[in-house]
Amino acid sequence: MRSCNVGIIGFGFIGKVHAYCHVNMPFFYDPAPCTTRITHICTSRIETAEKGRALVGAKKATTDYREITENPDIDIVHICTPNYLHKDALLSAMAHGKHIYCDKPLTATAQEAQTVREALDSYTGIAQMTFNNRFVPATLRAKQLADDGFLGKLLGFRAAFMHSGNANPNAPLKWKLSKKAGGGVLPDLGSHVLDLLSYLGVGLAEVLAAEQIAYPDRPLPEDPAKRVKVDAEDSVFVLARTGEGALGSIEATKVATGAEDELRFEVHGAQGALRFNSRNPLVLEAFDASLSDQPIGGRSGWTAIHTGQRYPKPAAPFPGSKLAPGWMRSHVACLAHFLECVADGRPADPGIEQGIYLRELMDRVERSAAQGAWVRV
Ligand SMILES: NC(=O)c1ccc[n+]([C@@H]2O[C@H](COP(=O)([O-])OP(=O)(O)OC[C@H]3O[C@@H](n4cnc5c(N)ncnc54)[C@H](O)[C@@H]3O)[C@@H](O)[C@H]2O)c1
């Protein structure tokens with residue numbers, strides 16, 4: 001079995017999740033796609049890097065990402081830093097032929113994505129974006145059904161990702177609410193929704209967007225008495241049309257009071273419909289329009305397809321296929337897919353190209369919100 005050394009750049013919220021997935025991979029996949037060992041942890045401060053190093057038993061803690069991207073002993077580079085730092089780490093890792101697991105979004109701006117596109121020609125590694133919501137069993141089943149033609153001609157769609165964290169006016173202004181750092185709810189949550197729609201075959205041709213900053217200023221994390229101006233959106237609502245004329249809505253918000261990490265999508269076709277809500281991760285709901293609604297209802301109606309934790313082999317039935325899959329399990333499956341691709345030497349999906357596509361799509365959404373007009377994708 002292939003064995004890979006791993007360096008993780010950024011060890012905050014998501015860096016730890018990526019590390020957990022490596023450490024626990026052999027529980028969930030038998031055999032594991034490849035053996036991995038986390039050797040390097042990089043953060044902005046040596047104290048936090050050292051804490052991360054000790055947690056995963058890595059060899060080295062550093063504050064310089066190049067100690068990872070340029071290191072000949074490292075095979076796989078994880079990019080888990082704030083969005084404005086992705087580009088430089090990506091370009092360096094690409095130039096050194098590393099395999100790359102980059103969390104979303106690819107870069108902070110479409111311009112930066114363009115420089116990554118230019119580097120793709122000479123890139124020899126395998127790269128994947130961390131769009132973990134593709135790797136929920138219900139979503140995987142939705143993709144199978146959509147590809148099999150279950151929906152027929154697409155008529156409409158609606159998708160939303162809702163959090164409530166920014167509803168509090170005193171929530172501090174961290175990097176995710178700073179434009180300069182590549183923040184805003186569009187890259188943060190909206191990118192997941194846009195990726196899912198694209199995964200399910202909803203190809204957007206034009207968008208009309210509006211954004212909201214719920215509070216004009218927020219406290220600085222290091223000095224809560226001081227309030228600073230907020231310039232990145234808390235909410236974005238998008239009307240969108242596909243090239244074939246299907247109309248739908250897309251929403252990403254962090255001011256949905258009462259919401260607890262709720263991701264939902266619905267796609268409606270002439271022959272059927274599919275819907276999913278992450279608060280009920282055990283099932284995908286499907287509606288087959290060919291079933292008769294006579295007499296008194298016939299067999300017509302929404303069916304709950306039990307997808308549970310039914311991951312395809314080589315996933316091991318751990319802890320059990322009937323149990324609810326969690327958010328963390330989707331991250332394990334997302335990383336497993338990447339490692340399989342690395343082991344087999346085949347391109348990973350969603351790859352860097354998808355990251356570029358989504359970054360450009362988000363640029364169009366931002367442009368539409370600024371102009372208050374429909375923008376072609
Ligand atoms: N796929 C998902 O489910 C998901 C969830 C959350 C975040 N993310 C993405 O993960 C990335 C990180 O988000 P987060 O929530 O973990 O942020 P975070 O603020 O919790 O962590 C950021 C990490 O980057 C480090 N860092 C900052 N500046 C650095 C520098 N100059 N050099 C090296 N390290 C530096 C920090 O020390 C910290 O360890 C973002 O791109 C975000 O969009 C993805």
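All ligand and atom numbering here is 1-based and tracks the order in the structure.
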For this session: For the pair His192 and Phe131, name the ring-plane relationship: parallel under 30°, tilted 30 to 60°, perpendicular over 60°.
Result: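 If you compare the ring of His192 with that of Phe131, the planes turn out perpendicular.
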
Hydrophobic cluster partners of [X] (side-chain heavy atoms under 4.5 Å):
X      : answer
Tyr215 : none
Trp374 : Leu208, Leu239, Leu247
Tyr84  : Leu85

Does the side chain of His40 pick up a donor-acceptor pair with the side chain of Asp73 at under 3.5 Å?
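There is no such pair (donor and acceptor under 3.5 Å, judged by atom type) between the side chains of His40 and Asp73.
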
- Message: Tell me whether Arg346 contacts the main-chain N or O of Val342 through its side chain, where contact means a donor paired with an acceptor under 3.5 Å.
- Response: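 It does not hold such a pair.
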
Contact residues of ligand 1 with a heavy-atom cut-off of under 4.0 Å?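 If the criterion is a heavy atom under 4.0 Å, then ligand 1 touches Gly10, Phe11, Gly12, Phe13, Ile14, Cys42, Thr43, Ser44, Cys80, Thr81, Pro82, Asn83, Leu85, His86, Asp103, Lys104, Pro105, Thr130, Asn132, Trp175, Lys176, His192, Trp327, His331.
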
